[in-house]
K.L.:
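Sharing a structure, written as structure tokens. Questions coming.
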Amino acid sequence: MIQRWNLKQVEVLFNKPFIELIFKAQQIHRRHFNPLIIQISTLLSIKTGNCPEDCKYCAQSARYKTGLKSQGLMMIKEVLANASKAKAAGSNRFCMGAAWRNPHDRDMPYLEEIIREVKAIGMETCMTLGNLSSSQAKSLAKAGLDFYNHNLDTSPEFYKNITTTRNYQQRLNTLNKVSKAGIKICCGGIFGLGETIKDRASLLVQLANLPKPPESVPINMLVKIKGTPLENNDEIDSFEFIKTIAITRIMLPKSHIRLSAGRNQMSEQTQAMCFMAGANSIFYGCKLLTTPNSKEDKDIILFRKLGLKTEHNLHK
Ligand code: SF4
């Protein structure tokens with residue numbers, strides 16, 4: 001692991017006053033990005049539910065009774081219809097997720113064809129499929145996959161409280177294979193899982209010290225899903241969440257930081273503060289895999305109020 005940051009330095013950041021952090025994050029943000037431009041991605045579940053993993057926050061784990069309707073692999077033409085719709089709505093990246101521990105080799109031709117066809121529409125592609133072997137990562141790269149999403153979720157120390165069916169090192173191994181294959185990395189975490197401030201700092205140290213910092217960093221606020229073990233977790237305080245975004249921006253100055261799950265439960269003011277703290281990407285669309293996302297027109301109204309523009313002028 002490359003030591004760009006250590007835990008002590010990050011804990012110092014977490015102890016800084018909120019206003020100071022926002023100011024520092026905004027200065028760093030402006031050095032690397034236009035602060036008025038937001039990147040937009042759309043996420044589609046191409047295989048839903050019945051997942052063998054036991055991530056305690058997830059509606060798709062086969063272990064929890066959440067009422068989610070499982071669905072097998074989506075037909076390619078349906079995937080493409082969704083991609084075209086997303087592009088027409090202003091999205092420039094199409095992210096596709098399958099609730100698997102890992103893809104089987106028999107699924108590879110299907111996945112490769114989807115990548116080629118979505119790219120032919122003129123969109124960037126991202127997939128999240130679980131663990132990958134080196135040869136699978138290479139095949140996806142060869143088909144033209146731009147990004148692979150594989151979140152670390154939380155700190156290495158807290159990880160076993162959230163998922164027991166795999167370990168942290170397996171996550172790091174897949175990230176490594178993806179990076180070696182030449183695919184850009186989308187990797188972030190979830191806050192509000194019951195982790196301590198130290199865990200938050202420790203997760204951010206992991207992200208910032210990856211051999212190559214992730215190009216895209218989704219920051220999720222836990223969405224408490226009925227039937228999952230975390231359904232009664234305490235809410236994470238909005239200021240704590242915004243502060244975490246600011247620290248992520250300070251530690252990962254050149255990454256796109258994506259305000260991801262949980263945006264639906266945030267006020268417009270909280271979202272605005274997240275953008276001021278350095279978030280510059282969102283998921284757009286009514287569904288974020290299986291949890292509700294902010295309604296599209298609500299986003300357009302908020303962007304107008306804040307004078308924000310998207311990479312593809314969503315709210316012209
Ligand atoms: S987060 Fe992903 S791997 Fe974990 S249970 Fe949900 S779908 Fe499966």
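Both counts, for ligands and for their atoms, begin at 1 and track the order of listing.
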K.L.:
Could you state the interatomic distance from CG (Asn149) to SG (Cys126), rounded to the nearest 0.5 Å?
P.N.:
5.5 Å
K.L.:
Please list, in number order, the atoms of ligand 1 under 4.0 Å from a heavy atom of Ala99.
P.N.:
7 (S)
K.L.:
Could you state the interatomic distance from CG (Asn92) to OG1 (Thr310), rounded to the nearest 0.5 Å?
P.N.:
8.0 Å
K.L.:
What protein heavy atom is closest to atom 8 (Fe) of ligand 1, reported as residue, atom name and distance in Å?
P.N.:
Cys51 SG, 2.3 Å
K.L.:
Counting each atom of ligand 1 from 1 as listed, which ones have a heavy atom of Arg166 under 4.0 Å away?
P.N.:
3 (S)
K.L.:
Quick one: look up the protein heavy atom nearest atom 1 (S) of ligand 1 and list residue, atom name and how far away it is.
P.N.:
Tyr57 OH, 3.5 Å
K.L.:
Looking at atom 5 (S) of ligand 1, would you say a protein heavy atom lies below 4.0 Å from it?
P.N.:
yes
K.L.:
Output yes when Glu240 and Arg200 qualify as a salt bridge under the 4.0 Å nitrogen-oxygen rule, no when they do not.
P.N.:
yes
K.L.:
Looking at Cys58, which atoms of ligand 1 are within less than 4.0 Å of one of its heavy atoms?
P.N.:
1 (S), 5 (S), 6 (Fe), 7 (S)
K.L.:
Could you verify whether a donor N or O on one side chain and an acceptor N or O on the other, from Glu11 and Asn15, lie under 3.5 Å apart?
P.N.:
no
K.L.:
Using a cut-off of strictly less than 2.8 Å, determine whether Cys55 has an N/O/S atom near atom 4 (Fe) of ligand 1.
P.N.:
yes
K.L.:
Pairing donors with acceptors under 3.5 angstrom, does anything connect the side chains of Thr42 and Ser91?
P.N.:
yes
K.L.:
Heavy atom of Arg63 under 4.0 Å from ligand 1?
P.N.:
no
K.L.:
Could you verify whether a donor N or O on one side chain and an acceptor N or O on the other, from Asn280 and Gln39, lie under 3.5 Å apart?
P.N.:
no
